[in-house]
Colleague: 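Below are the structure tokens for one structure; questions will follow.
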Amino acid sequence: MPEAPKTSPHNRSSSHLNLSQKNTETLHFIEEVTSKPDEIQQQILSEILSRNGHVEYLERHGLAGKTDRHTFKKIMPVIKYEDLQPDINRIANGDKSPILSSDPISEFLTSSGTSGGERKLMPTIQEELERRSLLYSLLMPVMNQFVPGLDKGKGMYFLFIKLEAKTPGGLVARPVLTSYYKSSHFKNRPYDPYTNYTSPNETILCSDSYQSMYSQMLCGLCLHNEVLRVGAVFASGFIRAIRFLEKHWPFLCNDIKTGTLNPEITDPSVRESVLRILKPDTKLANFIETECSKKSWQGILTRLWPNTKYVDVIVTGTMSQYIPTLDYYSNGLPLVCTMYASSECYFGVNLNPLCKPSEVTYTLIPTMAYFEFLPVHRNNVVTSSINVPDSLNEKEQQELVDLADVKLGQEYELVVTTYAGLYRYRVGDVLRVAGFKNKAPQFNFICRKNVVLSIDSDKTDEVELQNAVKNAVTHLLPFDATLIEYTSYADTTTIPGHYVLFWELSVNGKTPVPPSVFEDCCFAMEESLDSVYRQGRASDKSIGPLEIKIVESGTFDKLMDYAISLGASINQYKTPRCVKFAPIVELLNLRVVSTYFSPKCPKWVPGHKQWVDIKSS
Ligand code: AMP
């Protein structure tokens, strides 16, 4: 993630300092906050509670203005989104009274986590932008310790905004990054060598994703020799940019050859900003053409952007599935995961950014929020399934530990209390303590709870998958065909990646099931998946059409035999609803008799379905 300081972490103006002094000051801040995490956490909690002492939510639970950690932990429940939903709905519908926060809710951040098929709405307050900027401001001083000289060139980052919606009460609802890029913190950032990007703001802020990508790629190519680092937020997004180049390089080369911009780019402000950079350059156009026409695209990044030192993308969590593809395109450049953040709260940074992706740890910055940790237990050694109770009894609520008290090697679910009005809120991420920076723990990101399939920011769990399969198989009824078993797989060998379902059927009817019916099944599944999935398919084009692969009968028995040969217990064996292990995927693929793809994109509109229904009724 790119970005640099607007103000220093100490919140004093640091404009009089030179770059090296600013970097030193930032590193000093990290030293300081990691040296006394407990003291800071106590202060942060007390500040959040004293500011919000009289909000309805805290009064309802009887906190009555108390700000100490002990009372807070004793009285306040540990909650999930669904517990908060009635309050969130009131705010969305226009209730402006101080329900969660004494500061007015400035907007909702739409999370990629969903509830009831719709994006979760995270309340936020104006001031949180400062906190997010602060976390961004830590990234480059940390990076500079390992890769000096990054101030001497540019970053080529593919950054995008997404469509936003309005709640019935008139609050804007949009993803956190859209909110950030549209804020003055980003748009009017003062010149800083670390925010010197190849993409002009206008290209990032263009809501047409084709024009945005085209113009960002064109500027990146024009400025190719100046680029020292490349990236996007998530690995999937960066790979999509490479794919875009694969498809569109002849047009981009033509623009560079002639110094004129493709007429498909119609947004006037985008055109103007690109034309400031684009100059006729036959030599560069020929060079790009030669490289892009080569049969192999291995190392294309280092060929086209020869001074690139690293690829800045998140490859932890489900994004790790993209590491081989990125290694291929970048010829093994370092893959750098700089930060860990969410719509609820920005959490922490990677203090050792050149480490291997499998060793990435995030140091939670104790000033961002008040953090607690719910111990997680692995309940099965073979499947490694994670056991976190859905709702917590009183004893379990007391088991939450503080940032300074987590134990090395132990896994925890992250729970946050934020300035914006989330109190003991379960984020749903599982982290493992991998070490310490001074007294502050550093965490490996283990997984998002329950997620079985993910391609981009979609996060499909077993229940959602089961429901989609259930809706799809109704199409088979007229053919007297039934689904015996199924599993799924996230296929990232295609760009964009897509969901694959392996289905084993029992067909009793006389008429064979026509291909169009299986296509209907694919489409029915897509229509049943949540709003983030459907947006990825229909709007962002970050997910490819869902595929159903029919496997020969007896395949799932073979799968069970194989799992048992690996040590699974016969008595406890359950068909996994998602497979990742390559030999298992191969076992299934070898038995495929036919394959079908979803013929069209599922429906998606910005905002929650209920809001759209209100508007159209
Ligand atoms: P959202 O609420 O849509 O912004 O998504 C936030 C979620 O994305 C987090 O709770 C994590 O599950 C995931 N995420 C964010 N940063 C990282 C990271 N560096 N590594 C792995 N997963 C991440």
Side-chain angles (χ1 to χ4, degrees), residues 112 114 116-119 162-163 209 236 240 243 451-507 509 511-551 555 577-579 585 588-589 592-610 612-613 616:
S112 56
T114 56
E118 301 287 349
R119 286 174 180 270
K162 294 198 181 181
L163 291 173
S209 59
S236 51
R240 234 172 24 253
R243 178 73 182 154
V451 170
V452 288
L453 282 172
S454 173
I455 294 291
D456 190 34
S457 44
D458 53 304
K459 301 171 172 66
T460 298
D461 69 24
E462 240 180 81
V463 176
E464 289 165 327
L465 187 67
Q466 166 68 27
N467 182 44
V469 169
K470 190 182 94 209
N471 292 343
V473 294
T474 57
H475 291 268
L476 300 177
L477 289 176
F479 301 91
D480 203 7
T482 43
L483 183 65
I484 301 182
E485 269 299 2
Y486 74 91
T487 190
S488 66
Y489 170 62
D491 185 348
T492 52
T493 57
T494 57
I495 304 175
H498 68 287
Y499 288 11
V500 173
L501 271 292
F502 292 98
W503 280 13
E504 184 174 328
L505 300 179
S506 151
V507 186
T511 330
V513 183
S516 63
V517 170
F518 284 121
E519 288 179 1
D520 291 345
C521 292
C522 295
F523 182 66
M525 280 204 65
E526 294 204 299
E527 285 271 283
S528 309
L529 291 169
D530 70 25
S531 154
V532 179
Y533 176 89
R534 287 180 285 108
Q535 180 174 6
R537 276 282 285 131
S539 174
D540 305 345
K541 312 285 183 210
S542 56
I543 306 173
L546 182 143
E547 182 180 9
I548 291 180
K549 293 186 175 185
I550 306 296
V551 292
T555 299
R577 289 303 173 215
C578 177
V579 293
V585 178
L588 292 163
N589 271 326
V592 171
V593 290
S594 55
T595 69
Y596 306 93
F597 285 93
S598 182
K600 55 188 174 184
C601 287
K603 277 191 286 304
W604 176 79
V605 282
H608 282 196
K609 192 173 168 303
Q610 309 86 281
V612 179
D613 291 347
S616 53

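In what follows, residues are counted from 1 in the order of the sequence shown. Given the structure is predicted, the values throughout are model-derived calculations rather than measurements.
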Colleague: Taking Glu526 for the side chain and Leu546 for the main chain, is one N or O donor matched with an acceptor at less than 3.5 Å?
Modeller: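 Here the side-chain-to-backbone pair exists.
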
Colleague: So how far is it from Ser531 OG to Lys609 NZ, rounded to the nearest 0.5 Å?
Modeller: 11.5 Å

Colleague: Output, in order, the C-alpha distance, side-chain angles, deciding distance and verdict of side chain to side chain contact (heavy atoms under 4.5 Å, CB included) for Val500 and Lys549.
Modeller: CA-CA 7 Å; Val500 173; Lys549 293 186 175 185; 3.8 Å; yes

Colleague: Quick check: closest heavy atoms across Thr555 and Glu504, and the distance to 0.1 Å?
Modeller: N-OE1, 3.2 Å

Colleague: Under a 3.5 Å distance rule, please check whether Asp456 uses its side chain to pair with a backbone N or O of Asp458 as donor and acceptor.
Modeller: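 Between the backbone of Asp458 and the side chain of Asp456 there is no qualifying donor-acceptor contact (under 3.5 Å).
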
Colleague: Could you check if a side-chain atom of Val507 sits within less than 4.5 angstrom of a side-chain atom of Pro512, using non-hydrogen atoms only?
Modeller: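 No, side chains not in contact.
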
Colleague: How close do Ala524 and Ala472 get, counting heavy atoms only, and between which atoms?
Modeller: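 Closest pair (atom of Ala524, atom of Ala472, distance): CB-CA, 3.9 Å.
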
Colleague: Report the C-alpha separation of Thr114 and Tyr533 in whole Å, then their side-chain angles, then the decisive distance to 0.1 Å, and conclude whether the side chain to side chain contact (heavy atoms under 4.5 Å, CB included) test is met.
Modeller: CA-CA 10 Å; Thr114 56; Tyr533 176 89; over 6 Å; no

Colleague: Side chain of Ser488, backbone of Arg577: donor and acceptor closer than 3.5 Å?
Modeller: yes

Colleague: Between Asp540 and Arg240, does at least one N-O distance fall below 4.0 Å, as a salt bridge requires?
Modeller: no

Colleague: Check for a donor-acceptor pair, side chain of Glu527 on one end and backbone N or O of Lys603 on the other, with a separation under 3.5 Å.
Modeller: yes

Colleague: Nearest 0.5 Å, what's the SG-CD distance between Cys578 and Glu462?
Modeller: 9.0 Å

Colleague: I need the minimum non-hydrogen distance between Gly607 and Glu118, along with the two atoms involved.
Modeller: O-OE1, 4.0 Å

Colleague: Quick check: closest heavy atoms across Arg119 and Val532, and the distance to 0.1 Å?
Modeller: CG-CG2, 3.6 Å

Colleague: Could you check whether any side-chain N or O of Arg534 sits under 3.5 Å from a backbone N or O of Ser528, counting only pairs where one atom can act as donor and the other as acceptor?
Modeller: no

Colleague: When rounded to the nearest 0.5 angstrom, what distance separates CG in Leu476 from CG in Asp520?
Modeller: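 Rounded to the nearest 0.5 Å, the CG-CG separation comes out at 10.0 Å.
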
Colleague: Under the 3.5 angstrom rule, does the side chain of Lys541 hit a backbone N or O of Ser539 as a donor-acceptor pair?
Modeller: no

Colleague: Can you name the ring-ring contact (aromatic ring centres under 6.0 Å, His included) partners of Phe502, sequence neighbours left out?
Modeller: none

Colleague: With rounding to the nearest 0.5 angstrom, report the NZ to CG distance, Lys459 to Leu453.
Modeller: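 Answer for the NZ-CG pair, Lys459 versus Leu453, is 13.0 Å.
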
Colleague: Between atom CG of Leu505 and atom OG1 of Thr482, what is the distance when rounded to the nearest 0.5 Å?
Modeller: 7.5 Å

Colleague: Determine the interplanar angle of the Phe518 and Tyr596 rings, folded into 0 to 90°, and report it as parallel if under 30°, tilted if 30 to 60°, perpendicular if over 60°.
Modeller: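 Parallel, since the angle between the ring planes stays under 30°.
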
Colleague: Given the rule in the side chain to side chain contact (heavy atoms under 4.5 Å, CB included) test, do Asn471 and Met525 qualify, once you have shown the distances and angles that lead to the verdict?
Modeller: CA-CA 7 Å; Asn471 292 343; Met525 280 204 65; over 6 Å; no

Colleague: Just checking, any donor-acceptor pair under 3.5 angstrom between side chains of Tyr489 and Asn589?
Modeller: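 Their side chains do not contain a donor-acceptor pair, so the 3.5 Å distance test is not met.
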
Colleague: Quick one: pull up CG in Leu529 and CG in Asn467 and give me the separation to the nearest 0.5 Å.
Modeller: 8.5 Å

Colleague: Is there side-chain contact between Ser598 and Arg537, with heavy atoms separated by less than 4.5 Å?
Modeller: yes

Colleague: Looking at every non-hydrogen atom in both residues, tell me the closest pair between Cys601 and Phe523 and how far apart they are.
Modeller: O-CE1, 3.5 Å

Colleague: Where is the tightest heavy-atom contact between Val452 and Asp461, given as atom of each residue plus distance?
Modeller: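 Looking at all heavy atoms of both residues, the shortest contact is CG2-C, 3.8 Å.
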
Colleague: Taking atom types as modelled and ignoring hydrogens, do the side chains of Tyr486 and Gln466 form a donor-acceptor contact shorter than 3.5 angstrom?
Modeller: yes

Colleague: Side chains of Ile455 and Tyr499: does their closest heavy-atom pair fall under 4.5 Å?
Modeller: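 When only atoms from C-beta onward are counted, Tyr499 and Ile455 do touch, with a gap below 4.5 Å.
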
